[in-house]
Amino acid sequence: MVKHTPTSVVTIERFIIEQERQFPEATGQLSGILYDIALAAKIIASKVRRAGLVDILGAAGAENVQGEMQQKLDVFANETIVKAMDHGGRLCVMASEEEPGLIHIPDGFKCGKYVLLFDPLDGSSNIDVNVPVGTIFSVLQKITRGTRGEMEDVLQPGRRQVAAGYVIYGSSTMLVYTTGQGAHGFTLDPSIGEFLLSHPNIRTPSTGRYLSVNDSYEQYWDEPTKALMRRYRGLDNEHKPLNVRYVGSLVADFHRNLLGGGVFAYPASSTAPKGKLRLLYEANPLAFIEKEAGGAASDGTRDILDIDPTELHQRTPLFIGSKGEVDQASAMLGGALSSVGA
Ligand code: AFP
């Protein structure tokens with residue numbers, strides 16, 4: 001395999017092809033999905049960049065399945081991804097945060113052997129204040145026998161993901177993905193319209209620097225969760241405090257902590273007993289990336305990747321980041337992570 005250094009210019013396309021070549025039996029379908037996602041990300045990035053310039057902000061008038069107001073860019077991002085992906089003959093079904101049910105491949109297009117789950121524009125309430133937003137995606141293999149994908153194909157544990165990634169639309173646009181051979185980051189060069197390899201083989205520090213949590217919910221947390229947060233903050237007088245950083249845009253908080261080390265926490269509370277974040281297209285893909293970077297993810301009792309989903313829009317508490325901090329969460333909240341200490 002070619003050794004990529006920070007000085008060699010490697011496009012995402014070249015990188016995907018080189019990774020695919022390591023698997024002579026590969027059909028190229030997964031690579032095709034990743035190219036199409038990169039294309040959709042470029043289209044969304046160009047729209048997000050212009051959001052402050054054009055009259056596109058504001059609610060679209062519809063409420064999405066989670067009961068949150070959809071912004072126009074959510075709708076645009078959702079449609080962009082669906083249209084970029086539905087005709088390639090690689091997918092058998094899709095599901096999006098923005099749509100209540102499965103998104104089937106239209107009649108007339110071929111169905112393939114993969115399933116795509118995505119959150120088209122996470123953190124969209126941040127758009128009108130110029131805070132980074134993101135796209136998150138997860139790819140699974142079809143397990144049912146028919147041609148079209150079914151709910152059973154979608155409701156698979158995260159451990160079965162064959163690819164996952166996210167795009168952050170920030171000061172630059174970055175795409176980070178994994179196919180289980182490390183987590184790799186690409187930065188969009190807008191002058192040539194290409195994602196270039198900028199962060200090969202990302203490794204997250206084993207102990208953290210940052211704590212990202214919305215502690216306005218503290219009054220709704222149970223005692224073990226409050227104790228965990230005190231520990232993260234060094235208020236137990238035994239540990240060094242983590243630095244608190246919370247954007248409120250999952251991809252932005254996750255990305256910073258992945259590179260700098262730390263933990264993102266969205267615990268269960270009395271007002272949100274299952275937390276807020278969605279298992280299939282938020283927690284699972286980020287957990288796969290985190291694992292590939294040497295970190296971990298837990299709901300407090302189980303490794304996120306081991307959870308058997310029962311619903312498309314299922315929520316989960318989430319503790320994700322450096323192993324040391326996630327391990328602390330499992331120890332104090334009652335779970336033992338299969339991947340931690342293994
Ligand atoms: P929005 O899409 O409504 O902005 O929600 C963003 C989000 O799903 C995720 O990106 C954040 O980490 C989380 O919610 C923030 O939630 P709180 O506002 O409850 O802290």
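Note that ligands are numbered from 1 as they come in the structure, with each ligand's atoms numbered from 1 the same way. Position 1 is the first residue of the sequence, and the numbers go up from there.
The shortest N/O to N/O separation between Ser124 and ligand 1 falls below 3.5 Å. Residue Asn214 places at least one N or O, backbone or side chain, under 3.5 Å from an N or O of ligand 1. Among the atoms of Leu277, none of the N or O lies under 3.5 angstrom from an N or O of ligand 1.
Listed by number with element, the atoms of ligand 1 under 4.0 Å from a non-hydrogen atom of Leu250 are 9 (C), 10 (O), 11 (C), 12 (O). Less than 4.0 angstrom separates some heavy atom of Ser125 from each of these atoms of ligand 1: 1 (P), 3 (O), 4 (O).
The environment of Phe109 atom CZ is dense: over 12 non-hydrogen atoms of other residues, nucleotides or ligands sit within 6.0 angstrom. In the displayed structure, Glu152 atom CD is contacted under 6.0 Å by at most 12 heavy atoms of other residues, nucleotides or ligands. Within a 6.0 Å sphere centred on NZ of Lys226, other residues, nucleotides and ligands contribute more than 12 heavy atoms.
Across the listed options Glu282, Lys276, Glu97, Lys276 owns the non-hydrogen atom lying nearest to atom 7 (C) of ligand 1. Looking at Tyr246, Phe264, Tyr266, Tyr217 and measuring to atom 20 (O) of ligand 1, the nearest heavy atom belongs to Tyr246.
For Arg21, the salt bridge (Lys or Arg N to Asp or Glu O under 4.0 Å) test picks out no residue, with sequence neighbours left out.
Here the shortest heavy-atom pairing between Ser298 and Ser330 reads OG-OG, 4.0 Å.
By the criterion of a heavy-atom distance under 4.0 Å, neither the backbone nor the side chain of Phe254 is placed next to ligand 1. With a 4.0 Å cut-off on non-hydrogen atoms, Ser249 touches ligand 1 through its backbone and not its side chain.
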Donor-acceptor pairs under 3.5 Å, side chain of residues 180-193 to any protein atom, not counting sequence neighbours: which ones?
residue	atom	partner	partner atom	Å
Gln181	OE1	Thr179	OG1	3.1
Gln181	NE2	Gln22	OE1	3.4
His184	ND1	Asn201	N	2.9
His184	NE2	Gln19	NE2	3.4
His184	NE2	Gln181	O	2.8
Thr187	OG1	Ser198	OG	2.7
Asp189	OD1	Ser191	N	2.9
Asp189	OD1	Ser191	OG	2.6

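Looking only at side-chain heavy atoms (C-beta outward), Asp107 and Arg148 come within less than 4.5 Å of each other.
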